[in-house]
Protein chains: 6
Amino acid sequence: MRAVFEDIKATRKVARINNFWRALATNPAHLESVWRHLKAVMQPGRLDMLTKEMIAVAVSATNGCAYCINSHIAAAQKLGMDNEMLGELMSVVGLFNMTNKLVEGYQVEPDVLPNTE
Amino acid sequence: MRAVFEDIKATRKVARINNFWRALATNPAHLESVWRHLKAVMQPGRLDMLTKEMIAVAVSATNGCAYCINSHIAAAQKLGMDNEMLGELMSVVGLFNMTNKLVEGYQVEPDVLPNTE
Amino acid sequence: MRAVFEDIKATRKVARINNFWRALATNPAHLESVWRHLKAVMQPGRLDMLTKEMIAVAVSATNGCAYCINSHIAAAQKLGMDNEMLGELMSVVGLFNMTNKLVEGYQVEPDVLPNTE
Amino acid sequence: MRAVFEDIKATRKVARINNFWRALATNPAHLESVWRHLKAVMQPGRLDMLTKEMIAVAVSATNGCAYCINSHIAAAQKLGMDNEMLGELMSVVGLFNMTNKLVEGYQVEPDVLPNTE
Amino acid sequence: MRAVFEDIKATRKVARINNFWRALATNPAHLESVWRHLKAVMQPGRLDMLTKEMIAVAVSATNGCAYCINSHIAAAQKLGMDNEMLGELMSVVGLFNMTNKLVEGYQVEPDVLPNTE
Amino acid sequence: MRAVFEDIKATRKVARINNFWRALATNPAHLESVWRHLKAVMQPGRLDMLTKEMIAVAVSATNGCAYCINSHIAAAQKLGMDNEMLGELMSVVGLFNMTNKLVEGYQVEPDVLPNTE
């Protein structure tokens, strides 16, 4: 557990371990495996880190997870997301949560050749 | 209704109206209002169209809406998303759906100074 | 199980037991308890049956349950819901799924004196 | 933004703008578009305003959005929903959230001729 | 209502009625029907009570219902769930919330002969 | 990717790789990381494998993921879950999806000393 906490601090260049990781320490093997998986996914690749954190905000808002929303907005802001970008992000999240439910409500049949919704 | 369909075709440069819009035509005033709102949100701004469509995929996968996932993946692919980018997008969506539920399950308390999850 | 099936047929004045109830018969005690609970809730009271079935559609569309959406739309139609009413119902369901997620995304603070969203 | 706020006050006959709309002001174009869409949907039609607000409560309870639940219950109460009606509304919301998940859990096959769930 | 409260106290051997049941008392007939259904389901059968309460935690964490999570964790702890078991439970809940969304995101086709995910 | 597929076959003693893992192969690094994480979580510990698979069914039914429900029910059946146990599992999943939404709908306040819901 201590080794994972040290790795989190070193990787993220932070002095304090967030409550999320402290909670996971209830199950140290799980803590280690989640951290390893998160480290594998959350590195710059074909998508940059800001895009990945904005996707995390979109997922968290759709799930309605308050801690997660706050935490990922903070992370995205650190990476350069300003209020205008946040406002656009939210507008997209809101819009497609609406259209998703309209699609379900009307039980829309697949398009032969889907273009865009 | 016809005017909205013409506008959709012209705006999107497509010959065929997707089943989503056809379903909405059950309520023509609603069709028009949703289209107007979608047009307002889905234009390039501080976030580019590809990022917006990838966020749409993230929302749709989190909601488990099959039609929506297919439609937004197709739209993102048209805008340049290749399989590698799709694979990264999915890895981020999967990861944060897991951490969202871990946060809820452990009822994680807010961080004094949130860094990142 | 047979007694419950007979009661469903008599109460609903239908000749065929829907697949939902057949599936529940996997656990006959559960079948009986769910049917008893449903009968207690789904009777006219301060809300009429059509309103109750439209609420059932709203819940089912929000959950994205295809069987449930189809079944409750059919039930509401039997009770008088026409296409115009369905269109309004869907517009309300779509709208508040959007605003729900915007509220979560922005982590909107409680109003001192809430009026309406 | 100011124009939208004035329109909200005038339309709703309220002196104070709710926190929901204040939060949306992060993105003024979005605020305007959401308000316009909400105004188009939330007017009396084939469904009356009380029914629409009760549907909003059903959607919000299903999504577990605390602010939204409080806000739409308050709105429905203003329009005449008393405690007995609220109690019936909740009983319907609870019931169909249960049956929705039973349908999914048992993967119930479509009925040839659906009657009611 | 009073009779139901007395039955809850007697059945559970508790001196205080939880806020959940107090809230349901808004609709006494509903209170009685929910309690009857819960009593029918929550008794030892082929699954023991601890397993049933852990399943309740899994459902509640997936739904993100704070009150429910706290209440079912407390109930499971009373029945013998220690921190290690809680940690394993959470790891399973987190994992399958991730894989569920990956399955949806990739729109995975049914296996001819499903083994395990 | 091939190494992961071989490990899946060897660990699970199956001849065929499920479509879930084939889909993940879109992103081989992700496939490997998800598999490693799943292997870490899905081993017997303080909870046995059958309990873990039943929790997986509960999560999947709550999320409404058809592929996942089928796959985890099949896995649980292999481990000894019969129809009676499935019926009890479903009854618990249904019940607490109902009470979760009633708790949200009524915005139930935390109990000072939670016993059980």
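Convention: sequence-line order gives letters A, B, ...; per-chain numbering from 1.
Checked by atom type, the side-chain pair A:Asp111/B:Tyr67 shows a donor-acceptor distance below 3.5 Å.
Of the listed residues A:Leu89, A:Ile69, A:Thr62, A:Asn63, the one with more heavy-atom pairs under 4.5 angstrom with chain B than any other is A:Asn63. No other option in B:Gly87, B:Ser91, B:Ala66 has as many heavy-atom pairs under 4.5 Å with chain A as B:Ser91.
A distance-only check finds a donor-acceptor pair linking the side chain of B:Asn19 to the backbone of A:Pro110 [under 3.5 Å]. The backbone N or O of B:Cys65 lies less than 3.5 Å from no partner atom in the side chain of A:Asn100, so there is not a single donor-acceptor pair.
In this structure, B:Arg46 does not pair ionically with A:Glu88, as no charged nitrogen and carboxylate oxygen lie closer than 4.0 Å.
Residues of residues 28-37 of chain A lying within less than 4.5 angstrom of chain B, judged on heavy atoms, are A:His30, A:Val34, A:His37 in numerical order.
Taking CG of B:Leu38 as the start and CG of A:Leu95 as the end, the distance is 4.5 Å to the nearest 0.5 Å.
In this structure, the portion of A:Thr51 lying under 4.5 Å from any heavy atom of chain B is its side chain and not its backbone. Looking at A:Ile73, there are no atoms closer than 4.5 Å to chain B (heavy atoms on both sides), in backbone or side chain.
Within 6.0 Å of atom CD in A:Glu109, 12 or fewer heavy atoms from other residues, nucleotides or ligands are found, so the atom counts as exposed in its surroundings.
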Apply side chain to side chain contact (heavy atoms under 4.5 Å, CB included) to the pair B:Leu47 and A:Met54, showing each step before the final yes or no.
-> CA-CA 10 Å; B:Leu47 305 186; A:Met54 288 192 303; 3.9 Å; yes
What's the verdict on side chain to side chain contact (heavy atoms under 4.5 Å, CB included) for A:Met42 and B:Phe96, showing C-alpha distance, side-chain angles and the deciding distance?
-> CA-CA 10 Å; A:Met42 290 305 276; B:Phe96 292 112; 3.6 Å; yes
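The salt bridge (charged side-chain N to carboxylate O under 4.0 Å, His left out) test applied to B:Lys101 returns no partner, not counting sequence neighbours.
Nearest heavy atoms, A:Val93 versus B:Val59: CA-CG2, 4.1 Å.
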